[in-house]
Structure formats: structure tokens, C-alpha cells
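In this text the structure is predicted, and so the values were computed from the model without any measurement.
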Amino acid sequence: MSMDIFRKYDIRGIYNKDLTNEIAYEIGLSLGNQISNNKDNTNKIVIAKDARLSGDSLFNNLSQGFIDAGIDVYYIGTAPTPVLYHYVATKDFLNGIIITGSHNPSEYNGMKIIINNSSFYGDALEALAHTIQNKEYQKSNHQGKLITCDDAIENYKQDILQKILINDATKQNLKNLKVVIDSGNGVAGIVAPHLLRELGCEVIDLFSEPDGSFPNHHPDPAKLANLKDLQQAVLEHNADLGLAFDGDADRLGVVTNKTEVIFPDRILMLFAVDVLKKHPQATIVYDVKCCRHLEKVIKDHNGIPLMYCTGHSLIKSKIKESGALLAGEMSGHMFFVDNWYGFDDGIYSAVRLLDYYAEIKANQKITFSELMEKFDDNSISTPEINILTSETRKHAIITELAKTGQFGDCKKIDIDGLRIEYTDGWGLVRASNTTPNLVLRFEAKDQKCIDEIQDTFKRELLKVAPEVEWM
């Protein structure tokens, strides 16, 4: 068994190489033992899968593991990750697994896990790996059952409609929006276009048919190349804005009517203003990759900013610990506790964005591009930059860089990797939790400052890791 599939906040690997059917069975049996041994838990679990070609085989083996452990499996079929989360949150369940490779290439698959109503990550995943390695699991004398459920997507859609369509003005405002949706052949396509039409929007949808081979482009809105089709369609249809989802629809990408790509930290500013208007002094959590201006916007609108580690499970844990009402990551994960359930949900985030903008458009007659200009401090920033290394080297490089790196007069933030803040800008390098990469991002007042910060990072990084290839 490859230990590499047990990441910091979920399970992920190449199907039939790292993540095999046998391991899927052992995961189900081991987690099933854990559930049945916890007197406060219930002996049942909800399982769903995304559109990847390996999903059926992994489900069959994972579910059989749970059944052999005496756990009843409720299967909701092919669905977005937030639909699975919603089913656990609103039905009589404490446990759930979505079989998904998220934004990874088509040969990957994985699992995001909820046990006892909490994200299953970190030490818990390490303990699970140890259990499987040492074969410390056993079948139950009692067989669980497999129950198929077909109400999950409709329940999810109806909950959103009831929470958003609260009056006639809202309905009319949303009817005035023209939106392009790019589902990238992921599972967002079976929910998002239909939901937005039910809200009243005019919708032009791209690549809505789920296809695990992803024939049109990779379903990762964090990569600018994957937004080209969306940008072109926004122009062709004179749309108000464009929305893109990753493979399992828990992340959101946004482009304006002028096809500008709006990074998620700026979208989080808009959401923060909206939430803080209704809940002054609320805590807003964001990850280390987000821009510096976000902190200022939160403070200026009477909120409490809280920077934390990257990772959907880690952010959800911090939300519970801090009592935050909103959180977001630079990757596009957004988490609403205000009028929602606190899990990362690209589709609900899209609806909240449209609801916010529809009212502003109706009252102020401004375009989405003009609205987003209000959250621009004119800094220059880079998208996420990935430098290939290895699973075994990536964390060691960060540790050595933190010990020996010479970054000059700066403030060092080491909650997740190394974020170096200067007067006129900042840089970040951290180990990816999902791929064998170092992840970097830079921001500064102008290009000269960004170049200087990048040069410093390059110099210090190559000292400790001369084998890496700088971008």
C-alpha cells in the first residue's frame, strides 16, 4: 500500500496504482470498525461519487467494506461533493464519504470523509493508514445493508431556493442576470445550470455533461488556461459574468463581463462585506495564499480577520474552533455559516454571488466588472505557481528554508509553509497537500517589487533545493 494516498486532509492517488480497489475495501472495513466501536455514532454512512471513470469500482469495494463491518450504506449516486455534505448535515447522518479526485487529472481519484459529523483528516488519516498497513480490522458477524437514495440533489436544490428566493424583489433581480456556467464535464453540470435557471437567471452552460475523461479542458478553475472557453462565451453572449467549477463542484472560479479573472480572495472580500453587514464583528477565516488587502477590507467593515492554513478540512476545523461565519481559500473553496452549513460549496457560493450582485445591479446599474473594481487596491499579484519536486522532499525543503533562508527585513508567518511579508509586498512558499509540488504566490505594489521578492525567493530556494526547476 502506498502511504502517499493519505494526504493531510483527504485521500488521493492514481487509480489502480496508488489507490486500488483492495485499499478501498480496507478503508471501508477499517472505518466501519471505527464507526461501530463508537457508542455515540450511528451504524450508517452516506456515500456518493463524482464522474470519474474509476468511481463505480471504488464505490463497489468501499461500500462492501462498510457492509462487511456491519454498517448500512446509503448511496446517493453521482453528485457534487457539497450535495453529499448537505445530505449529511440535513438528514439523520453523522458519516459520509464522497469518492472524488476533485481537480486532479482524470487518472486520479480519492475520498473526502466525514466521521461523527467532523472532517476526517490529519492524525485521524494517519491512524487509518496505520490500521490498514497492519491489517488491524475485522469483519462483523452482522452484515450491513446497501440502500439507494434518489432525493439528495433535489433536497439540496430546494434548500437553496428556499433560502435565496425570499421575496419578489429577489426573484425579479435574478431574472435580470445572464450567466455563463462552465462545469468542465464535472458533476456541477447535473446541478448548477438547472438550479440557476430555477432561480430565474438566463443561463448559457458549457460542458455540463459529466465525463470523467474531461474531454474539453481540465476541471480546475484555479488554472487560467482552463477559463478560456468561459471567457470567450461571456463575450459572445454579452453575459453579466461567468462561473466555473472544479470536478466535484466544491470550488468556484469567476470572470467578469469584461472576461477579467477575479481571484477567490477578491470574491471573499465581496462575501465578507455582505456577511458583516448583517453580522458585525464576525470572524472571517482565510488561508495564507490570500492577498493582504483582504485583511484591510474585513477590518474596515467591522470584522475580525483570521489567517490560517490551506486545506478544506483544516479550514472547517478552524471555523468550528473560532465560531467564524465565513471562510475562504485562494483555491476557490468558500465556506458559509451565515445562512448555510459551514462546508465548502462552489455552487452555493455562486448563488450567493449572483444574489449579491443582482441586487446591486438593480439599484446601482453597474456592471460586475465595475463592482469588483471596488475591491481592487491596484496591487499586482501572481496566480498560484507550482514547482515540481517530490512527496518525500517537499516538506523537507520548507523546513530547511524556514531555518536557513535569508529574506532580509521582513515579517515571517509560518502557520503553513513560509509567508514573508515586506512593506510593499509579500511572497509565499508552501508544500502542496495534494500534489508533489511547492506552491508559491507573490503580491506587491508594482512589478518591480514582485520581481525583487521573487528573486529573493529563487535565491534562497535554490540554496536548499538546487535540484528544483524555478519557473
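A salt bridge does not link Glu329 with Lys289: every distance from a Lys NZ or Arg NE/NH1/NH2 to an Asp or Glu carboxylate oxygen is 4.0 Å or more. Salt bridge annotation for Asp414-Lys412: absent, with no cationic side-chain nitrogen under 4.0 angstrom from a carboxylate oxygen. A salt bridge does not link Glu295 to Arg292: none of the charged side-chain nitrogens sits closer than 4.0 Å to a carboxylate oxygen. The pair Asp338-Lys278 meets the salt-bridge criterion, with a side-chain N (NZ, NE, NH1 or NH2) lying under 4.0 Å from an Asp/Glu carboxylate O. Ionic pairing of Glu421 and Arg419 is present here: one or more N-O contacts between side-chain nitrogen and carboxylate oxygen are shorter than 4.0 angstrom. The pair Arg12-Asp18 does not count as a salt bridge, with every side-chain nitrogen at least 4.0 angstrom from each carboxylate oxygen. The pair Lys445-Asp377 does not count as a salt bridge, with every side-chain nitrogen at least 4.0 angstrom from each carboxylate oxygen. Looking at Arg197 and Asp205, a side-chain N of the basic residue comes within less than 4.0 Å of a carboxylate O on the acidic one, giving a salt bridge. Ionic pairing of Lys112 and Asp248 is present here: one or more N-O contacts between side-chain nitrogen and carboxylate oxygen are shorter than 4.0 angstrom. Taking the charged nitrogens against the carboxylate oxygens, Arg441 and Asp265 do have a contact shorter than 4.0 Å, which makes a salt bridge.
Listed for the Asn437 side chain is no donor-acceptor partner under 3.5 Å among the backbone atoms of Asn386. Checked by atom type and distance alone, the side chain of Asn173 pairs as donor or acceptor with a backbone atom of Ala169 at under 3.5 Å. A donor-acceptor pair under 3.5 Å is formed between the side chain of Glu370 and the backbone N or O of Thr367. Of the possible donor and acceptor atoms, none in the side chain of Lys91 sits under 3.5 Å from a partner among the backbone N and O of Ala152. Remark: side-chain polar atoms of Ser432 are not paired, donor with acceptor, to backbone N or O of Pro436 under 3.5 angstrom. With hydrogens and angles ignored, the 3.5 Å screen pairs a side-chain donor or acceptor of Thr382 with a backbone N or O of Phe442. In terms of modelled atom types and a separation under 3.5 Å, the side chain of Ser317 and the main chain of Ser313 share no donor-acceptor contact. Ser102 places no side-chain N or O within 3.5 Å of a backbone atom of Asn104 that could act as its donor or acceptor partner. Although no hydrogens or angles enter the test, the distance criterion places a donor-acceptor pair under 3.5 Å between the side chain of Arg251 and the main chain of Ser331. The closest donor-acceptor contact from the side chain of Lys49 to the backbone of Leu58 lies at 3.5 Å or more, if one exists at all.
For Gln158 and Gln162, the side-chain atoms include no donor-acceptor pair closer than 3.5 Å. Inspection of the Tyr356 and Arg352 side chains reveals no N or O donor paired with an N or O acceptor under 3.5 Å. Side chains of Thr170 and Glu359: a donor-acceptor N/O pair is absent below 3.5 angstrom, by distance only. At a cut-off of 3.5 Å, with distance as the only test, a side-chain donor of Asp211 or Ser213 sits close to an acceptor on the other residue. Between the side chains of Glu209 and Asn185, no donor-acceptor pair of N or O atoms lies under 3.5 Å. Using modelled atom types, one finds a donor on one side chain and an acceptor on the other under 3.5 Å when comparing Tyr156 with Asp345.
Sequence neighbours left out, the pairs with a member in residues 32-43 that pass side-chain hydrogen bond (donor to acceptor under 3.5 Å, both in side chains) are Asn41-Asn95. Sorted by first then second residue, the ring-ring contact (aromatic ring centres under 6.0 Å, His included) pairs that include residues 297-322, not counting sequence neighbours, are Tyr9-His312, His312-His333. Judged as a ring-ring contact (aromatic ring centres under 6.0 Å, His included), the pairs with a partner in residues 185-212 (not counting sequence neighbours) are, in order, Phe207-His217. Listed by first and then second residue, the salt bridge (Lys or Arg N to Asp or Glu O under 4.0 Å) pairs involving residues 71-90 are Asp72-Lys145 (not counting sequence neighbours). Applying the ring-ring contact (aromatic ring centres under 6.0 Å, His included) definition to pairs two or more places apart or across chains, none involves residues 171-191.
Considering OG of Ser30 and CG of Leu128, their distance stands at 5.5 Å, rounded to 0.5 Å. Atom CZ of Phe271 sits about 10.5 Å away from atom CZ of Phe375, to the nearest 0.5 Å. Expressed to the nearest 0.5 Å, how far CD1 of Ile113 lies from CD1 of Ile27 amounts to 6.5 Å. With values rounded to the nearest 0.5 angstrom, Ile267 atom CD1 is found 6.5 Å from Met334 atom CE. A distance of 9.0 Å separates SG of Cys309 from CG of Asp287, quoted to the nearest 0.5 Å. Leu53 CG to Asp56 CG: the interatomic distance, rounded to the nearest 0.5 Å, is 9.5 Å.
No option in Met330, Lys296, Met269 other than Met269 meets the side-chain contact (heavy atoms from CB on, under 4.5 Å) test with Cys291. Among the candidates Lys175, Lys171, Lys157, the single residue satisfying the salt bridge (charged side-chain N to carboxylate O under 4.0 Å, His left out) test with Glu198 is Lys157. No option in Leu195, Ile181, Asp250, Thr81 other than Leu195 meets the side-chain contact (heavy atoms from CB on, under 4.5 Å) test with Ile347.
The shortest heavy-atom contact between Asn226 and Asp182 is O-OD2, 4.1 Å. Minimum heavy-atom separation, Phe66 to Gly28: CD2-O, 3.4 Å.
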Is there a side chain to side chain donor-acceptor pair (under 3.5 Å) between Asn257 and Ser369? Walk through the geometry before answering. CA-CA 6 Å; Asn257 53 296; Ser369 177; 4.6 Å; no
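At most 12 non-hydrogen atoms from other residues, nucleotides or ligands lie less than 6.0 angstrom from CG of Asp92. Other residues, nucleotides and ligands contribute at most 12 non-hydrogen atoms within 6.0 Å of the NZ atom of Lys228.
Annotation: cation-pi geometry not satisfied between Lys316 and Phe343 (NZ/CZ under 6.0 angstrom from ring centroid, within 45° of ring axis).
Between Pro305 and Ile284, the closest side-chain pair of non-hydrogen atoms is not below 4.5 Å. Residues Leu62 and Ile47 meet the side-chain proximity criterion, which asks for heavy atoms closer than 4.5 Å. Side-chain contact between Leu440 and Leu428 is absent, with no heavy atoms from C-beta onward closer than 4.5 Å. Residues Ile453 and Trp426 are not in side-chain contact: their nearest non-hydrogen atoms beyond the backbone lie 4.5 Å or more apart. Using a 4.5 Å heavy-atom cutoff, the side chains of Lys178 and Cys201 are not in contact. Residues Leu270 and Met372 form a side-chain contact, since some pair of their non-hydrogen atoms from C-beta on lies under 4.5 Å apart. By the 4.5 Å heavy-atom criterion applied to side chains, Tyr74 and Ile45 are not counted as neighbours. Between Leu241 and Leu354, some side-chain heavy-atom pair lies under the 4.5 Å cut-off.
Between Tyr348 and Phe336, the distance separating the two ring centers is shorter than 6.0 angstrom.
Ala233 is linked by a side chain to side chain contact (heavy atoms under 4.5 Å, CB included) to Val180, Leu206, His237, counting only residues two or more places apart in sequence or in another chain.
Note on ring orientation: taking the six-membered ring where Trp is involved, the planes of Tyr75 and Phe59 are parallel (angle under 30°, cut-offs 30° and 60°).
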